[in-house]
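Accompanying notes for the structure given below.
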Amino acid sequence: MQIRIANAPTSWGIEDPEDGANPPWPQVLDQTAAAGYAGIELGPIGYLPERSDVLRNELDQRRLKLVAGFLFEPLHTPAGGARALEVAERTCRLLSAVGARHLVIIQGFTPERERAAGRPGAAMPLREGEWRTLVDGVHAVARLASHRHGLVPCLHPHAGTDVEFEHEIERIAADTDPALVKLCIDTGHCAYAGVDPVALYRRHADRVAYFHLKDVDRERLRGALARALSFEQAVAARVFCPLGEGVVDFAALRAALQEHDFEGWATVEQDRLPTDSGTPAEHAAASLAHLRAVGLGGGPPHAVPAPPEAR
């Protein structure tokens, strides 16, 4: 088993590149490197520099590798699928130019499903035609990422979407081409939806190419489900916590990864708001320390050069 650990702008609350509450991107890069991570995700396109030479230089100065990017679009509608291809082209062009490997594909929220996150009894499924549009949209984005840009497209089941619960994950896995569409398991979103991420990995180990490592606070999750909070409300209530402080068994995940000799990247994420008064840098460091304690994440942090004075 060989696994390298990255972090993501999501851990600093960055979902909208235009949000005025976002911390400056040099700060996020500096803190990711200082915590000892080997890489970083792109975050929403437009947050990190979009000129590939600029971004590569900034990453090289901090000894960080760009590992993945994502798109989050309503792929179950024709308009959403068309926009997804536009976002994917822009994102994949930058990823491939800077040497990243993965594109993470996520179906965007619908209001009804986002409000029903984690509660299968309240979650209405897509109509059959919408499901077929979703599958076709995933395939179209995956072909663009793979055939045009040489990336590995990874479908990401996500809380508050139409690919959230176990039966939906199994259905999308069955309905998509395994040679084209790989899987990204998000441990925290699985736990939010009542899915065992370790068992899910063992069932689909030959198809899982990438991980998002998250953890969920048990009591806060119970409270969010009892109060029927939407996914975004639950994030604001700090349902997601540093790795090791919640319900996910990362030691069991390590054992499963060893059984199947996993090689690749995993990215730590902690869903939060950019206005969260918590301490994302300290939480990122604590999450990596927990992974190392259970045998994931490699050795001690490397020495990080001082950031340039001016950018």
Side-chain angles (χ1 to χ4, degrees), residues 5-19 22 25 28 32 37 39-50 55 59 64-76 80-81 83-109 114 134 137-146 148-164 169 172 176 180-190 208-214 231-232 235 240 264-272 274:
I5 307 297
N7 209 302
T10 293
S11 299
W12 280 258
I14 297 149
E15 300 293 343
D16 177 359
E18 304 300 325
D19 193 327
N22 289 340
W25 63 261
V28 173
T32 300
Y37 286 91
I40 191 166
E41 277 202 3
L42 182 64
I45 189 73
Y47 175 68
L48 292 181
E50 201 165 342
L55 181 55
L59 295 171
L64 290 172
K65 180 171 177 55
L66 187 68
V67 301
F70 72 88
L71 64 84
F72 190 84
E73 298 293 337
L75 290 161
H76 64 289
R83 173 169 165 76
L85 289 174
E86 295 175 3
V87 175
E89 175 60 35
R90 183 178 167 195
T91 303
C92 291
R93 188 185 308 121
L94 180 58
L95 292 173
S96 60
V98 186
R101 181 66 176 145
H102 305 94
L103 177 72
V104 177
I105 303 170
I106 310 172
Q107 185 221 3
F109 290 136
E114 192 269 336
L134 168 62
V138 169
H139 281 140
V141 170
R143 284 191 294 270
L144 183 152
S146 176
R148 188 178 301 178
H149 295 283
L151 300 173
V152 178
C154 303
L155 181 67
H156 178 320
H158 193 292
T161 74
D162 293 289
V163 184
E164 175 179 11
I169 298 171
I172 200 76
T176 51
L180 175 65
V181 182
K182 303 305 179 184
L183 297 178
C184 170
I185 290 180
D186 185 308
T187 58
H189 285 218
C190 282
V208 175
Y210 187 52
F211 283 88
H212 281 174
L213 303 180
K214 289 193 184 80
F231 182 77
E232 293 187 358
V235 170
F240 294 94
W265 282 92
T267 291
V268 172
E269 290 186 327
Q270 186 176 339
D271 289 348
R272 68 197 311 143

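Atoms considered below: every heavy atom in the structure, side chains included; atoms not considered: hydrogens, waters and symmetry mates.
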Backbone of Leu85 reached by a side-chain donor or acceptor of Glu89 within 3.5 Å
no

Minimal heavy-atom distance between Pro9 and Ile40, with the atoms involved, is CD-CG1, 4.0 Å

Consider only side-chain N and O atoms of Tyr37 and Thr267, and report whether a donor and an acceptor are under 3.5 Å apart.
no

When rounded to the nearest 0.5 Å, the distance separating CD of Glu232 from CG of Asp271 is 10.5 Å

Are Thr176 and Leu180 side-chain neighbours, meaning at least one heavy-atom pair lies under 4.5 Å?
no

Do Leu71 and Leu103 touch side chain to side chain, with heavy atoms closer than 4.5 Å?
yes

I want to know whether Phe240 and His189 have ring centres closer than 6.0 Å.
yes

Are side-chain N/O atoms of His212 and Glu41 paired as donor and acceptor at under 3.5 Å?
yes

Non-hydrogen side-chain atoms of Leu95 and His149 separated by less than 4.5 Å
no

Given His156 and Asp186, is the side-chain hydrogen bond (donor to acceptor under 3.5 Å, both in side chains) satisfied, shown in steps?
CA-CA 7 Å; His156 178 320; Asp186 185 308; 3.1 Å; yes

Shortest non-hydrogen separation from Cys184 to Phe211 and the atoms involved
SG-C, 4.1 Å

Residues passing the side-chain hydrogen bond (donor to acceptor under 3.5 Å, both in side chains) test with Thr91, sequence neighbours excluded, are none

Mind running side-chain contact (heavy atoms from CB on, under 4.5 Å) on Leu42 and Val67 for me, showing each step along the way?
CA-CA 8 Å; Leu42 182 64; Val67 301; over 6 Å; no

State the CG-CD1 distance between Leu183 and Ile185, to the nearest 0.5 angstrom.
6.5 Å

Can a donor-acceptor pair be found, under 3.5 Å and without considering hydrogens, that links the side chain of Lys214 to the backbone of Cys190?
no

Centre-to-centre under 6.0 Å for Phe70 and His102, is that the case here?
no

If you round to the nearest 0.5 Å, how far is CG of Leu134 from CG of Leu155?
7.5 Å

Heavy-atom closest contact (Gly13 atom, Asn22 atom, distance):
O-OD1, 4.2 Å

Looking at every non-hydrogen atom in both residues, tell me the closest pair between Phe231 and Phe109 and how far apart they are.
CD2-CZ, 3.6 Å

To the nearest 0.5 Å, what is the distance between CH2 (Trp25) and CH2 (Trp12)?
14.5 Å

What are the two closest heavy atoms between Pro17 and Gly46, and how far apart are they?
CB-C, 3.7 Å

Got a donor-acceptor contact below 3.5 angstrom from the Ser146 side chain to the Ala142 backbone?
no

Report the residue from Val181, Val104, Ile105 that forms a side chain to side chain contact (heavy atoms under 4.5 Å, CB included) with Pro153.
Ile105

Hey, could you give me the CZ/CG distance between Arg101 and Leu66, rounded to the nearest 0.5 Å?
13.5 Å

Asp16 backbone acceptor or donor facing Asp19 side chain under 3.5 Å:
no

Within the 4.5 Å heavy-atom criterion, are Val87 and Phe72 side-chain neighbours or not?
no

Could you tell me whether the side chains of His76 and Gln107 share a donor-acceptor contact shorter than 3.5 Å?
yes

Please give me the minimum heavy-atom distance between Ala88 and Val141, naming the atom from each residue.
CB-CG1, 4.0 Å

Rounded distance [0.5 Å steps], NE2 in His158 versus CD in Glu114:
10.0 Å

